[in-house]
Amino acid sequence: MTRPDWDSYFMEIARISSRRSTCLRGQTGAMLVRERRVLTTGYNGPPAGLKHCDETGCIRLKLGIPEGERLEITRGLHSIQNTIIQAAVFGISIKDSTLYTTHPPCTICARMLINAGIKKIIMEKGFPDGLSLGLLEEAGIELVSWDPEDPVQEP
């Protein structure tokens with residue numbers, strides 16, 4: 001029997017979470033973990049109870065907004081934002097936790113993660129943009145680029 005290492009296990013859950021997204025531009029998933037226990041999960045999409053972009057169409061596509069620009073023009077929240085919001089809704093402390101995410105945090109998400117006290121970020125798709133990266137490094141958050149072909153091994 002082959003068991004996945006912890007990072008592979010948690011990253012696979014983040015990937016599965018991303019499949020709940022109805023975003024027309026891309027599906028993302030994230031989860032917060034502390035002491036090898038899942039705290040919250042999230043995927044990108046509109047606020048709870050509102051129509052999804054696959055029903056309304058994508059504002060960003062209609063306006064021709066390039067990826068990574070004008071992040072405030074959207075119906076949806078990022079998967080990372082939803083993981084933090086779920087913790088607040090259910091009264092779960094996420095301080096000193098690890099974020100597993102299918103995509104690097106944007107600048108808005110980076111600032112939220114810093115203030116939430118996240119200690120480590122494991123990202124499947126490389127590293128964040130320059131400003132996000134600089135903020136996360138300045139805050140002392142450990143950043144790991146996770147490669148499914150060469151996963152990070154925990155003891």
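The backbone N or O of Gln27 sits nowhere less than 3.5 Å from a side-chain atom of Ser21 that would complete a donor-acceptor pair. The backbone N or O of Asp96 sits nowhere less than 3.5 Å from a side-chain atom of Arg34 that would complete a donor-acceptor pair. Checking side-chain atoms of Gln86 against main-chain N and O of Thr83 turns up no donor-acceptor pair under 3.5 Å.
The two residues Gln81 and Cys109 come nearest to each other via the heavy atoms CG-SG, 3.6 Å. Minimum heavy-atom separation, Arg60 to Glu69: NH2-O, 2.7 Å. Residues Ala116 and Ile94 share a closest heavy-atom pair of CB-CD1, 3.7 Å. Nearest heavy atom pair, residue Thr102 against residue Lys125, reads O-CG, 2.6 Å.
Side-chain contact between Val144 and Lys120: present, with at least one pair of heavy atoms (C-beta onward) separated by less than 4.5 Å. Two residues are said to be in side-chain contact when any heavy atoms from C-beta on lie closer than 4.5 Å; Ile122 and Thr101 fail this criterion. Using a 4.5 Å heavy-atom threshold, the side chains of Asp5 and Ser8 count as touching. Looking only at side-chain heavy atoms (C-beta outward), Lys119 and Ser97 stay at 4.5 Å or farther from each other. Between Ile59 and Thr74 there is no side-chain heavy-atom pair separated by less than 4.5 Å. With a 4.5 Å cut-off on side-chain heavy atoms, Phe10 and Val38 count as touching.
Leu99 and Leu131 fall within the same hydrophobic cluster, where Ile, Leu, Val, Met, Phe, Trp and Tyr residues are linked whenever their side-chain heavy atoms come under 4.5 Å apart, directly or through other members. Leu24 is not connected to Ile65 by any chain of hydrophobic side-chain contacts under 4.5 Å among Ile, Leu, Val, Met, Phe, Trp and Tyr, and they are in different clusters.
Considering CD1 of Ile92 and OG1 of Thr40, their distance stands at 6.5 Å, rounded to 0.5 Å. Note that the CZ atom of Arg75 and the SG atom of Cys23 stand 12.0 Å from one another [nearest 0.5 Å]. Here the straight-line distance linking atom CD1 of Ile141 with atom CD1 of Ile121 works out to 5.0 Å at 0.5 Å rounding. Rounding to the nearest 0.5 Å gives a distance of 11.0 Å between OH of Tyr9 and OH of Tyr100. Between atom CZ of residue Arg111 and atom OG1 of residue Thr107 there is a gap of 6.0 Å, rounded to the nearest 0.5 Å.
With no hydrogens or angles considered, no side-chain donor-acceptor pair links Tyr43 and Asn82 at under 3.5 Å. Using a 3.5 Å distance cut-off with no hydrogens or angles, the side chains of Ser79 and Asn44 do not pair a donor with an acceptor.
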Could you give the side-chain donor-acceptor pairs of residues 45-56 under 3.5 Å, partners two or more places apart or in another chain?
unit_1	atom_1	unit_2	atom_2	d
His52	ND1	Thr22	OG1	2.7
Glu55	OE2	His52	N	3.0

May I have the list of side-chain donor-acceptor pairs in residues 12-19 shorter than 3.5 Å, sequence neighbours left out?
unit_1	atom_1	unit_2	atom_2	d
Glu12	OE1	Arg15	NH1	2.7
Arg15	NE	Glu124	OE2	2.7
Arg15	NH2	Glu124	OE2	2.6
Ser17	OG	Ile13	O	3.1
Ser18	OG	Arg15	O	2.6

* **Test side chain to side chain contact (heavy atoms under 4.5 Å, CB included) applied to Ser145 and Met123, step by step** => CA-CA 5 Å; Ser145 180; Met123 301 163 278; 5.6 Å; no

Could you please spell out the steps behind the side chain to side chain contact (heavy atoms under 4.5 Å, CB included) verdict for Leu39 and Met31? CA-CA 7 Å; Leu39 302 175; Met31 65 182 307; over 6 Å; no

